Amino acid sequence: MGTGNPYHVRVTDFIREKIAADCSDGPYGGRVQTRFPPEPNGFLHIGHAKSITLNFGIADEFDGKCVLRFDDTNPDTEDSRFVDAIREDIEWLGYDTGEPAFASDYFRQLHHWAVQLIEKGLAYVDDQDAETISKNRGGFTEPGVDSPWRDRTVEENLELFEGMKNGEFAEGSRVLRAKIDMNHENMQMRDPVMYRIRDSHHFRTGDLWKIYPTYDWAHGQSDAIEGTTHSLCTLEFDTHRPLYDWFMEQLGLGGDRPRQTEFARLNLTHTVLSKRKLLQLVEEGHVDGWDDPRMPTIRGLRRRGYPAEAIRAFAAHIGIARVNGTHEIELLESFVRTHHNTHALRRMAVLDPIEVVLTNWPDGAADTREAINNPEDESAGTRDVPFSGRLFIERDDFMVDPPKKFFRLAPGREVRLRAGYFITCDEVETGPDGEVTRLLCTYDPATAGGQAPDGRKVKATIHWVSADHAVDATVMLYDRLFADEHPGADGSDPLASLNPNSREVRTGCKLEPALADTPLGEVVQFERLGYFAHDLDRPLVFHRTVGLRDEWANIQKRQGTG
RNA sequence: UGGCCCGUAGUUCAGUUGGAAGAACGCCGGCCUUUGGAGCCGGAUGUCGCAGGUUCGAGCCCUGCCGGGCCAGCCA
């Protein structure tokens with residue numbers, strides 16, 4: 001498993017095994033067709049990415065086809081702007097959506113089939129209101145109560161259904177129900193609703209229809225119309241499967257009709273993936289929008305600098321199972337690091353600058369240092385970084401009174417400037433409150449490039465930016481959006497565990513000039529700090545995608561806890 | 001409370017028709033190092049939910065129990 005694969009990706013799962021078996025002796029003649037069926041009422045998130053990689057991935061692997069179908073059966077919440085956004089996100093993830101399908105394209109066929117069921121005495125118009133229907137459905141141990149309208153004649157049902165379709169009745173006054181069994185142990189089978197009356201304007205069919213199919217009636221039949229072989233959905237639909245099958249059997253759709261298989265949806269620690277909660281985050285202003293880099297949406301992850309390859313590799317790695325569980329967000333992050341480690345160009349940036357003056361630097365002398373762009377990828381080449389006698393280094397790379405195991409700069413100590421020279425700190429200037437304002441250092445000209453001819457060693461290499469050449473930027477540092485590992489797991493409102501410090505805005509950060517030329521959206525590594533994504537729209541705004549693994553933080557933690 | 005699904009290392013998952021317990025991430029240790037990163041090497045951790053049963057042999061089969069999830073929208 002995962003041999004020779006840097007991402008340690010699993011290759012099979014129970015669904016792929018089932019499909020492979022169906023290919024050799026199943027009813028589909030070796031054909032494989034899946035579908036990804038979002039409702040166009042919101043933006044896609046990392047949970048959808050799991051389903052997308054599954055459905056499109058299987059289509060690729062089995063030389064089949066995956067249809068993007070919009071389940072647009074509820075006109076109240078849907079909009080074409082979501083259609084465009086969803087397509088864009090899927091394409092960004094690396095899959096070809098082709099010409100998408102819409103459940104609304106099948107409304108006529110669905111209606112035709114509904115009439116057929118009425119004619120066979122398998123569906124009826126119910127005049128009860130929603131509350132009564134719900135009450136009469138019974139409970140887990142209570143049988144349901146038959147509707148007084150359950151035994152209407154076929155003729156009356158046909159006439160009333162036609163009336164519903166023509167807008168003769170008010171919203172909510174009547175529904176079409178499948179006639180199955182009001183005493184069925186599976187609640188889904190207690191005469192489920194197939195059509196409801198809606199006055200709303202549908203974003204594609206306009207005002208043509210007054211009745212709209214429910215999920216249960218539309219979904220399976222849409223699968224069948226498209227020629228789906230394997231309809232893969234999440235676990236909560238497993239109680240719907242008998243109904244999925246029932247409709248197709250009554251319609252006589254045949255042995256090669258689609259079959260539904262369920263798998264566990266994705267959960268992530270420190271994250272919520274409920275559409276309702278995500279919407280609340282946006283509407284209440286806890287985040288800047290659906291594409292806020294802290295959001296688990298595809299757009300948010302993209303702005304944050306999560307590469308599509310890493311998201312796909314993550315999805316493939318966690319695999320598919322029927323066990324409901326929660327994956328650690330750290331696992332996703334490790335895939336992001338693995339990808340950027342081999343792809344991201346190294347750059348230097350000082351987020352919390354402190355000035356360093358090289359007292360022995362020749363007045364006005366100009367210098368450039370050659371730095372490696374990516375030690376993991378020789379073909380990335382090198383770049384020239386301007387150097388001068390006035391530099392910025394990171395404030396926490398210096399300590400006046402360093403504890404044991406602090407190897408960086410301190411009074412009287414020598415360190416290496418990455419790709420530069422050895423420098424020694426001679427003098428510390430402080431402000432009125434004792435804060436360090438400036439360091440006076442000397443450099444050793446013989447150590448150009450970072451090696452001492454006499455062979456002496458330094459314990460630390462720190463990053464730097466030439467003050468005279470630095471470019472100012474704003475850098476966003478992110479922490480978990482939710483402090484709790486499992487937000488809302490104890491029954492509380494997940495938003496109660498929102499981390500008030502999930503974003504730290506650093507202004508006046510000092511960047512090496514090459515960073516001004518970094519294309520928008522590109523992810524680079526700020527050496528020793530982490531991976532940072534140039535904002536998609538705003539130049540010189542960078543988002544921390546993910547930090548580097550921080551050994552120093554671990555050491556401190558260990559010392560702190562004894 | 002009825003039905004269905006699930007229960008294997010800290011976590012998430014693999015475990016072929018029953019035949020000597022595995023991977024990844026994390027963790028620990030070491031090496032190396034012009035990123036205290038990366039990389040390389042090594043290591044630990046499981047009463048396979050519990051209890052019975054079938055069998056020469058059970059993580060895989062059967063029964064019961066316990067624990068978790070889903071289902072009583074005219075949402076999907």
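Bear in mind that the values here come from a model prediction, so they are computed numbers and not experimental data. Chain naming here is simple, since letters A, B, ... match the order of the sequence lines and numbering starts at 1 in each.
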Closest to the [X] side chain: [options]?
X: A:Thr239; options: B:C75, B:C71, B:C25; answer: B:C71
X: A:Ala321; options: B:C13, B:U35, B:C74; answer: B:C13
X: A:His240; options: B:G2, B:U11, B:A76; answer: B:A76
X: A:Met187; options: B:A72, B:A38, B:G36; answer: B:A72
X: A:Arg196; options: B:C74, B:A72, B:G37; answer: B:C74
X: A:Ser334; options: B:C25, B:C75, B:G37; answer: B:C25
X: A:Ala130; options: B:G10, B:C74, B:U35; answer: B:C74
X: A:Val323; options: B:A24, B:C13, B:G37; answer: B:C13
X: A:Val193; options: B:C74, B:U35, B:A38; answer: B:C74
X: A:His317; options: B:A24, B:G2, B:C74; answer: B:A24

If we take the [atom1] atom in both [N] and [M], what is their distance in whole Å?
N: B:G69; M: B:U55; atom1: C1'; value: 34 Å
N: B:G43; M: B:G3; atom1: P; value: 49 Å
N: B:C40; M: B:G49; atom1: P; value: 34 Å
N: B:C27; M: B:C70; atom1: C1'; value: 34 Å
N: B:U1; M: B:G52; atom1: P; value: 25 Å
N: B:C65; M: B:C74; atom1: P; value: 33 Å
N: B:A23; M: B:G15; atom1: C1'; value: 11 Å
N: B:C61; M: B:C48; atom1: C1'; value: 16 Å

Length of the [atom1]-[atom2] vector between [X] and [N], whole Å:
X: A:Leu268; N: B:U11; atom1: CG; atom2: C1'; answer: 12 Å
X: A:Glu236; N: B:G73; atom1: CD; atom2: P; answer: 16 Å
X: A:Asp397; N: B:G37; atom1: CG; atom2: C1'; answer: 13 Å
X: A:Leu235; N: B:A76; atom1: CG; atom2: P; answer: 20 Å
X: A:Arg16; N: B:C13; atom1: CZ; atom2: P; answer: 15 Å
X: A:Lys275; N: B:A76; atom1: NZ; atom2: P; answer: 11 Å
X: A:Leu243; N: B:C71; atom1: CG; atom2: P; answer: 15 Å
X: A:Lys459; N: B:G36; atom1: NZ; atom2: C1'; answer: 11 Å

Ignoring backbone atoms, test whether [X] places a side-chain nitrogen or oxygen under 4.0 Å from the OP1 or OP2 oxygen of [N].
X: A:Thr214; N: B:C74; answer: no
X: A:Arg198; N: B:C74; answer: no
X: A:Arg322; N: B:C6; answer: yes
X: A:Arg418; N: B:G37; answer: no
X: A:Arg137; N: B:C71; answer: no
X: A:Arg276; N: B:A76; answer: no
X: A:Thr73; N: B:A76; answer: yes

Within the structure shown, what part of the strands sits under 4.0 Å from [X] by heavy-atom distance: base, sugar-phosphate, or nothing?
X: A:Gln128; answer: base
X: A:Phe237; answer: base
X: A:Thr77; answer: nothing
X: A:Pro375; answer: base
X: A:Asp129; answer: base
X: A:Glu39; answer: sugar-phosphate

Would [X] and [Y] pass as an ion pair if we require N to O under 4.0 Å?
X: A:Glu394; Y: A:Arg408; result: no
X: A:Arg259; Y: A:Asp245; result: no
X: A:Asp13; Y: A:Arg16; result: yes
X: A:Arg395; Y: A:Asp397; result: no
X: A:Arg322; Y: A:Glu262; result: yes
X: A:Arg383; Y: A:Glu512; result: yes
X: A:Arg480; Y: A:Glu330; result: yes
X: A:Arg347; Y: A:Glu527; result: no
X: A:Glu236; Y: A:Arg265; result: yes

Establish whether the base of B:U35 is bridged to the side chain of A:Gln525 by a donor-acceptor pair shorter than 3.5 Å.
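In this structure, the two groups form a donor-acceptor pair.
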Does any N or O donor sit under 3.5 Å from an N or O acceptor when you compare the side chain of A:Arg408 with the base of B:G36?
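Indeed, a donor on one side and an acceptor on the other fall under 3.5 Å apart.
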Using O4'-C1'-N9-C4 for purines and O4'-C1'-N1-C2 for pyrimidines, with syn meaning within 90° of 0, is B:G64 syn or anti?
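Anti.
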So, for A:Val356 and A:Ile393, which heavy atoms are closest and what is the spacing to 0.1 Å?
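In terms of heavy atoms, the two residues are closest at CG2-CG1, 3.8 Å.
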5' priority, RNA chain B, between A:Leu331 and A:Asn341 [closest heavy atom]
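The answer here is A:Leu331.
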So which one's nearest nucleotide on RNA chain B is more toward 5', A:Tyr195 or A:Gln188?
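Counting from the 5' end, the first nearest nucleotide belongs to A:Gln188.
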Compare the aromatic ring of A:Phe140 with the six-membered base ring of B:G3 and state whether they stack according to the 5.5 Å and 30° rule.
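Not stacked by the 5.5 Å and 30° rule.
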Would you find more than 12 non-hydrogen atoms of other residues, nucleotides or ligands less than 6.0 Å from A:Arg137 atom CZ?
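Enclosed.
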Can you establish whether the number of heavy atoms outside A:Ile372 located under 6.0 Å from its atom CD1 is more than 12?
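No - once you tally the heavy atoms of other residues, nucleotides and ligands closer than 6.0 Å, there are 12 at most.
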Pairing of RNA chain B as dot-bracket, 5' to 3': ( ) intra-strand, [ ] crossing, | other strand, . unpaired, with Watson-Crick or G-U pairs under 3.5 Å?
.((((((..((((.....[..)))).(((((.......))))).....(((((..]....))))))))))).....
